[in-house]
Amino acid sequence: VNRERRTFLKWIPALAGMGSLSIGALAQGRGSPRIVVIGGGFSGINFARALKRLLPAIEIVVIERQAEYTRCPGSNRVIAGFAPMASLTHRAAPTLIKEGIRWIQSSIQRIDTVQRRLQLEHGETLFYDRLVLAPGIDFQWDKVRGVSEHQSLDVPHAWRAGVQTVRLRDQIKAIPPGGVFMMTVPGNPYRCPPGPYERASLIAASLKRNNPRAKIIILDAKSKFSKEKGFKSAWASLYPGMIDWISLETEGEIDHIDPTTRTVQTAFHRYQADVLSVIPPQRAGSLAAQADLADETLWCPVNSMNFESTRVKGIHVIGDAASYGSIPKSAFAAQTEARACALSVALELGGLPLPNPRLINHCYSLIAEEKAISITGIYGPKSLGGAVETFGVMESTPEADHEKEYQETMDWFDLLVRSTFN
Amino acid sequence: MHLTHHSLLFMALTFFLSAHPTDAKANEHMRAKALAAGCKGCHGEHGEGQGSLPALTGLTQDEFMRRMEGYRLDEQSNSVMHRIAKHYDHEDVRLLAKAFTGDSAP
């Protein structure tokens with residue numbers, strides 16, 4: 001670690017007073033820049049820790065509204081009854097504080113992008129030189145006809161882990177013999193593209209054991225989906241006749257949903273279930289919209305070299321809220337974005353030119369309790385400063401050794417969680 | 001305060017210029033660092049690996065390059081490393097080998 005710091009620092013001519021420090025810290029009469037990160041999830045925490053490793057002397061503040069973070073990755077195992085809910089909860093604060101990063105638990109009242117100033121819920125005003133926004137996702141309830149946010153616990157999405165996760169788990173446990181679990185899945189882009197299909201697989205694994213005549217219906221707003229070949233092959237061999245995936249082409253769009261009777265009316269048919277999970281269409285976390293960082297897609301366009309918003313100077317957006325080419329919205333992508341963004345911010349603060357980032361998203365999905373499939377994609381600008389391109393995306397084949405992929409999943413996942421929160 | 005600040009700046013600048021006279025060398029180091037950042041999600045912050053995910057450290061530069069070139073040029077296999085390596089050219093592989101095996105670990 002020390003060697004790494006020395007090696008990086010020797011290339012940085014000066015950490016303060018150069019580059020793009022204009023108002024923030026210097027206006028406050030302080031010598032060194034202050035970097036503020038909003039959001040204590042996978043991207044926010046990884047960014048703060050990566051930047052601190054690169055520039056130990058710099059002031060970094062992480063602001064997060066919750067004391068504990070409940071992660072979505074791994075929550076499908078909880079919903080299917082294969083892991084305890086408590087395993088999803090982490091406290092990043094002790095780790096950050098130990099590493100010399102300031103932690104503030106607060107909501108944000110206002111972002112003043114002109115004065116580079118934050119108004120915090122608990123009263124403090126904080127100036128920043130660079131702001132890194134990692135607000136995650138929010139839901140487009142106005143796009144779901146028949147279900148309000150208030151009613152969502154009756155048809156839990158469990159797409160932000162917490163009470164929704166527990167509710168869905170308990171509902172699935174109580175499905176009557178031969179009953180139906182149904183979920184509606186939104187169009188792209190949304191958090192964790194293969195997530196709904198992993199969820200269906202694990203619930204099928206659980207039902208096969210406890211309720212073998214039960215059925216699973218997936219009403220999809222898409223005509224194809226992530227790792228489709230792998231999932232479909234697994235469903236046919238492991239859960240024959242149990243999972244029915246219904247595409248947009250087959251059923252058309254959802255006309256409306258009745259959460260009290262758990263009924264979904266599509267363009268052609270009416271579907272009724274014992275347990276209904278409605279996963280709404282998504283958008284960048286509301287803080288992004290408030291700061292005018294989201295465009296008409298409702299996600300935040302960013303510069304390919306440093307994740308700086310193309311709409312507001314001095315603010316970087318990482319994680320699910322950002323549109324970085326077609327990199328999926330996943331926790332793994334969030335950490336690779338965070339590391340790339342941290343390097344760029346460090347170099348910019350030192351007045352050095354930026355190299356081309358090249359990001360890798362590698363993602364496993366469980367198809368059974370101890371079997372997995374994977375997908376790998378490479379993303380980044382091909383020419384210096386050019387648009388983000390997809391170098392390639394490849395999946396494991398149905399013939400691959402899925403038990404071996406499960407072993408890799410466990411190590412990969414452990415590393416991701418540990419290097420973020422511990 | 002400003003005097004101190006500028007003195008530090010000057011010292012840092014002098015150190016930088018004396019230690020590393022060429023921009024090219026700094027640029028190469030940063031390119032290697034940017035590429036290496038992509039590997040850390042699976043191989044760990046310092047390339048230390050984890051269980052079935054192998055460590056990248058402890059190899060010689062030649063051995064690192066030999067393995068990566070093997071993945072890169074093999075069109076038949078579909079292991080995770082085969083999927084990744086084909087999107088890196090020989091120069092990228094050289095930079096990665098330097099980053100993970102040299103004295104300038106990423």
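Keep in mind that the numbers below use all heavy atoms, side chains included, and drop hydrogens, waters and symmetry copies. Within every chain, numbering begins at 1; the chains are lettered A, B, ... in the order of the sequence lines, protein sequences first and strands thereafter.
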Donor-acceptor pair, distance only, cut-off 3.5 Å: does the side chain of N356(A) make one with the backbone of R31(B)? no

Contacting region of L354(A) [heavy-atom separation from chain B under 4.5 Å]: neither

Bottom line for E405(A): the part with an atom under 4.5 Å from chain B's heavy atoms is side chain

Is any side-chain heavy atom of P353(A) closer than 4.5 Å to one of N27(B)? yes

Part of Q335(A) lying under 4.5 Å from any heavy atom of chain B: side chain

Interatomic distance, T376(A) atom OG1 to H82(B) atom NE2 [nearest 0.5 angstrom]: 12.5 Å

Quick one, K86(B) with F391(A), criterion side-chain contact (heavy atoms from CB on, under 4.5 Å). Give me CA distance, side-chain angles, the key distance, then yes/no. CA-CA 9 Å; K86(B) 60 166 56 81; F391(A) 285 64; over 6 Å; no

Name of the residue among E408(A), R418(A), M410(A) meeting side-chain contact (heavy atoms from CB on, under 4.5 Å) with Q50(B): R418(A)

For K229(A), which residues count as a salt bridge (charged side-chain N to carboxylate O under 4.0 Å, His left out) partner, sequence neighbours excluded? none

Side chain, backbone, both or neither: which part of Y364(A) has an atom under 4.5 Å from a heavy atom of chain B? side chain

Examine whether an atom of S396(A) lies under 4.5 Å from a heavy atom of chain B, and if so say whether it belongs to the side chain, the backbone or both; otherwise answer neither. both

In terms of heavy-atom contacts, does NZ of K382(A) have more than 12 from other residues, nucleotides or ligands at under 6.0 Å? yes

With a 4.5 angstrom heavy-atom cut-off, which part of L415(A) approaches chain B: side chain, backbone, both or neither? both

Can you measure from SG (C42(B)) to CD1 (I360(A)) and round to the nearest 0.5 angstrom? 7.5 Å

Okay, side chain of R83(B), backbone of G392(A): is any donor-acceptor separation there less than 3.5 Å? no

Tell me, with the steps shown, if L54(A) and K33(B) meet side-chain contact (heavy atoms from CB on, under 4.5 Å). CA-CA 11 Å; L54(A) 292 167; K33(B) 234 177 145 49; 3.5 Å; yes

Which atoms of S374(A) are under 4.5 Å from chain B, going by heavy atoms: the side chain, the backbone, both sets, or neither? both

Highest number of heavy-atom pairs under 4.5 Å with chain A among G44(B), S52(B), A34(B) belongs to S52(B)

How many angstroms lie between atom NE2 of H87(B) and atom OH of Y379(A), to the nearest 0.5 angstrom? 9.5 Å

Return the option, out of R358(A), R339(A), M394(A), with the maximum number of heavy-atom pairs under 4.5 Å with chain B. R358(A)

Ignoring hydrogens, what is the shortest heavy-atom contact between M30(B) and L343(A)? Give both atom names and the distance. O-CD2, 4.4 Å

Which atoms of R49(A) come close to chain B, meaning under 4.5 Å heavy atom to heavy atom: side chain ones, backbone ones, both, or neither? neither

